[in-house]
Protein chains: 2
Amino acid sequence: MEKDLFGICPYTTAQRVLSGKWSIIILYHLGKKTMRFGELQRQLPDLTQSTLTKQLRALEENGLIERKIYPQVPPKVEYSLSDIGIKFKKVLAELAIWGNEYIETLKDKNC
Amino acid sequence: MEKDLFGICPYTTAQRVLSGKWSIIILYHLGKKTMRFGELQRQLPDLTQSTLTKQLRALEENGLIERKIYPQVPPKVEYSLSDIGIKFKKVLAELAIWGNEYIETLKDKNC
DNA sequence: ATACATAGTATCTAAATAAATACTGTCGGG
DNA sequence: CCCGACAGTATTTATTTAGATACTATGTAT
């Protein structure tokens, strides 16, 4: 992990972690419970396996999630939120409130 | 504005608005006060004028900000948060708290 | 021996995003 | 008549991100 500069603005930092198409929903699902790869994939039918793998690796790199490998066959790998990932749930909660309000405004404009 | 589907998950919706490299910081700055284009650009020296224009247009399309043109010469254009943009400030507040905690964890791992 | 389940990798292509750079229009001041 | 201020546009290029598709490993069950 070769993360760079300190003293970075918290907003810039957050943006870096959240950009992309799937980070928020993945964090939301893992926030509900620890899940295996396959289970998570079933929650998210719109991304392919390789994309999901990449997203998970990125979140792991950034320290938001943890990956626990059980030495079994067939493989078992569990994904869960890290400590800082758990703290992110507060953001998710506000995001959910806001997202719903936003959806309402779209309906009002019926577009 | 041809935004599509309703009944969308609030997380997916939020993600769509936040993806990209600059949305959060721009919203943060406009949350402090209404600003003219040039003033905003001086706050954000890391993006070029054309990139800033595109980001602002995207946020406007998504209904998060408003753009007020004063018919003057030289031109004066003010950007501000819309109603739903103002509501986003609650998310920003949580994001700031989390972002700072996240930066702390990076320091602990000194990377 | 063969098939199945799980969690991947490896490549390649496509799409989306951002950056670089140069150009535009108009009014007032010098 | 030219310059500067402001807020852009236009075009091209580069970078980043995601998607499609095919392939892998291994132990158990049939």
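All chains are named by letter (A, B, ...) in the order of the sequence lines, taking the proteins before the strands, and each is independently numbered beginning at 1. As the structure is a prediction and not an experimental result, all values here were calculated from the model.
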Positional range of nucleotides in DNA chain D within the contact set of chain B, heavy-atom, under 4.0 Å: D:dA5 to D:dA10
Letter per nucleotide, 5' to 3', of nucleotides 25-30 of chain C [B base touched, S only sugar-phosphate touched, - untouched; heavy atoms, 4.0 Å]: BBS---
Length of the CD1-C1' vector between B:I26 and C:dT17, whole Å: 13 Å
Close side-chain approach of A:K89 to A:L81, heavy-atom, < 4.5 Å: yes
Please produce a list of atom pairs where a protein N or O lies less than 3.5 Å from an N or O of nucleotides 8-12 of chain C.
{"residue": "C:dG8", "atom": "OP1", "partner": "A:R57", "partner atom": "NH2", "Å": "3.4"}
{"residue": "C:dG8", "atom": "OP1", "partner": "A:R67", "partner atom": "NE", "Å": "3.4"}
{"residue": "C:dG8", "atom": "OP1", "partner": "A:R67", "partner atom": "NH2", "Å": "2.5"}
{"residue": "C:dG8", "atom": "OP2", "partner": "A:Y79", "partner atom": "OH", "Å": "2.8"}
{"residue": "C:dG8", "atom": "N7", "partner": "A:Q49", "partner atom": "OE1", "Å": "2.8"}
{"residue": "C:dG8", "atom": "N7", "partner": "A:Q49", "partner atom": "NE2", "Å": "2.6"}
{"residue": "C:dG8", "atom": "O6", "partner": "A:Q49", "partner atom": "OE1", "Å": "3.0"}
{"residue": "C:dT9", "atom": "OP1", "partner": "A:R57", "partner atom": "NH2", "Å": "2.8"}

Gap between atom CD1 of A:I65 and atom CD1 of A:I26 - 0.5 Å precision: 7.0 Å
A:E101 and B:K90 ion-paired at < 4.0 Å: no
Common cluster, A:V91/B:I97, ILVMFWY with side-chain heavy-atom separation under 4.5 Å: no
Side-chain (B:Y102) to main-chain (A:N62) donor-acceptor, under 3.5 angstrom: yes
Pair B:R42 + B:E39: basic N to acidic O under 4.0 Å: no
Any donor-acceptor pair under 3.5 Å from A:Q15 side chain to B:L18 backbone: yes
Gap between atoms CZ and P, on A:R42 and C:dA5 respectively (whole Å): 11 Å
Nearest non-hydrogen partners of B:L47 and B:Q55, listed with the distance: CD2-CG, 4.5 Å
Plane angle bin for B:Y79 and B:F37 - parallel if under 30°, tilted between 30 and 60°, otherwise perpendicular: tilted
Residues, nucleotides or ligands: over 12 heavy atoms within 6.0 Å of A:D83 CG: no
Length of the line joining A:Q15:CD and C:dT17:P, which is rounded to integer Å: 12 Å
Whole-Å distance separating the CH2 atom of B:W22 from the C1' atom of C:dA16: 17 Å
